[in-house]
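Structure record follows, encoded as structure tokens.
Just the heavy atoms: all of them, side chains too, but no hydrogens, waters or symmetry mates, feed the values below.
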Amino acid sequence: MSFIVAIDGPAASGKGTISRAVAAHFGFAHLDTGLLYRAVGRRVLGGEVPGDAARGLRAEDLKADDLRGPDVAQAASKVAEIREVRAALVDFQRAFATRAGGAVLDGRDIGTVICPEAQAKLYVTASDEVRAGRRYAELVERGIETTPEKVLLDLRERDARDSARATAPLKAAEDAVVLDTSGMSIDQAVAAAIAHVTAQHR
Ligand code: DC
């Protein structure tokens, strides 16, 4: 039987960490759908046409080691506005979600568009400053040179674009539980997410 957990939220809200922990706790598969858009964005930076890049996406594309950088993130947010790109990625995400044994998908439109039927929905958020602080620490640890100010601007620009686009914008599903992780430790946020999913999983 399939059981779908949809976790949406803005950049660096903690949804990735929470999703991985929820998947490990329940033994579910996990798909970071942002990676699909990043992989398309990366191919477009390499000169491909967005629609072709999305339709031609392969498993190897998701393993590229430069998918996490800020340039690829911006390119991902830009290709994510294109209806044709989003349409090309729907079937893969839905097939992943409905696999036997349960799945956690995190992204921007999982609870609203990809899996409106998900049994558990979370919208993970945090203040801009908290999110920027987390992303800055993460980028520094990866050896990427940047400044806290640049990271904050970058996040705000991406969130504005992701929220304003016509197709599948970033927003909480009406039946999602909102989890603001601003004042929470990772352990607290993970515990709150697991408690919510457990309540739906009986
Ligand atoms: O989650 P992320 O930061 O890796 O996502 C990168 C970009 O991809 C994000 O700015 C918008 C886009 N995206 C999307 O439009 N829909 C999703 N389900 C996931 C990501």
Side-chain angles (χ1 to χ4, degrees), residues 4-26 28 30-38 41 67-78 80-81 103-115 118 120-142 144-165 168-200:
I4 306 171
V5 182
I7 303 188
D8 292 303
S13 56
K15 63 185 188 309
T17 305
I18 290 172
S19 299
R20 280 190 295 278
V22 168
H25 181 85
F26 291 96
F28 295 165
H30 170 229
L31 179 65
D32 169 1
T33 64
L35 274 188
L36 303 174
Y37 293 91
R38 285 173 183 259
L67 289 178
R68 295 284 175 196
D71 296 345
V72 173
Q74 283 291 351
S77 172
K78 286 178 188 159
E81 288 187 291
V104 180
L105 282 81
D106 75 86
R108 303 291 188 289
D109 61 339
I110 308 303
T112 50
V113 173
I114 301 296
C115 303
K121 294 186 188 179
L122 282 163
Y123 186 83
V124 181
T125 186
S127 72
D128 293 4
E129 289 73 17
V130 166
R131 292 187 295 117
R134 288 178 188 159
R135 181 49 52 91
Y136 176 68
E138 188 189 316
L139 292 173
V140 168
E141 191 161 318
R142 284 174 202 269
I144 295 172
E145 223 176 282
T146 186
T147 64
E149 294 73 26
K150 196 170 173 305
V151 173
L152 181 60
L153 279 178
D154 194 71
L155 281 186
R156 284 187 170 149
E157 188 187 335
R158 212 143 60 85
D159 289 346
R161 192 187 299 112
D162 295 345
S163 307
R165 69 179 175 231
L170 164 67
K171 67 170 179 208
E174 274 176 22
D175 51 350
V177 163
V178 177
L179 187 61
D180 186 332
T181 66
S182 302
M184 289 185 185
S185 67
I186 291 175
D187 288 351
Q188 287 170 328
V190 166
I194 288 176
H196 174 63
V197 178
T198 302
Q200 317 302 314

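Remark: R68 engages D32 in a salt bridge, criterion side-chain N to carboxylate O under 4.0 Å.
Between L170 and Y123 there is a side-chain heavy-atom pair separated by less than 4.5 Å. Using a 4.5 Å cut-off on side-chain heavy atoms (C-beta onward), I114 and T33 make no contact. By the 4.5 Å heavy-atom criterion applied to side chains, D128 and L155 are not counted as neighbours. Using a 4.5 Å cut-off on side-chain heavy atoms (C-beta onward), D106 and V124 make no contact. Between I144 and E138, the closest side-chain pair of non-hydrogen atoms is not below 4.5 Å. You'll find the side chain of D154 reaches within 4.5 Å of the side chain of Q74, heavy atoms only. By the 4.5 Å heavy-atom criterion applied to side chains, R131 and D159 are counted as neighbours.
Of all heavy-atom pairs spanning D109 and D8, the tightest one is N-OD1, 3.1 Å. Of all non-hydrogen atoms in G183 and Q188, the two that sit nearest each other are O-OE1, 4.0 Å. Here the shortest heavy-atom pairing between S77 and R161 reads OG-NH1, 2.7 Å. Contact record, R38 with G69: NH1-O, 3.8 Å, taken as the closest heavy-atom pair. In terms of heavy atoms, G111 sits closest to A173 at O-CB, 3.7 Å. T146 approaches K150 most closely through the heavy-atom pair OG1-CB, 3.7 Å.
Contacts of R20 classified as salt bridge (charged side-chain N to carboxylate O under 4.0 Å, His left out), with partners at least two apart in sequence or in another chain: none. In terms of the side-chain contact (heavy atoms from CB on, under 4.5 Å) criterion, residue partners of R165 (sequence neighbours excluded) are, by chain and number, A80, E81, R86, R108, D162, P169. Contacts of S182 classified as side chain to side chain donor-acceptor pair (under 3.5 Å), with partners at least two apart in sequence or in another chain: D180. Legend: residues meeting ring-ring contact (aromatic ring centres under 6.0 Å, His included) with Y136, ordered by chain and number and at least two apart, are absent. Residues passing the salt bridge (charged side-chain N to carboxylate O under 4.0 Å, His left out) test with E129 are R156, sequence neighbours excluded.
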Per-pair distances, 0.1 Å, donor-acceptor, side chain in residues 191-198, under 3.5 Å, sequence neighbours excluded:
{"residue": "H196", "atom": "NE2", "partner": "K121", "partner atom": "O", "Å": "3.4"}
{"residue": "T198", "atom": "OG1", "partner": "I194", "partner atom": "O", "Å": "2.6"}

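Checked by atom type and distance alone, the side chain of T181 never pairs as donor or acceptor with a backbone atom of M184 at under 3.5 Å.
Within a 6.0 Å radius of CG in L153, other residues, nucleotides and ligands contribute more than 12 heavy atoms.
Remark: the R134 side chain and the T17 side chain contain no N/O donor-acceptor pair separated by less than 3.5 Å.
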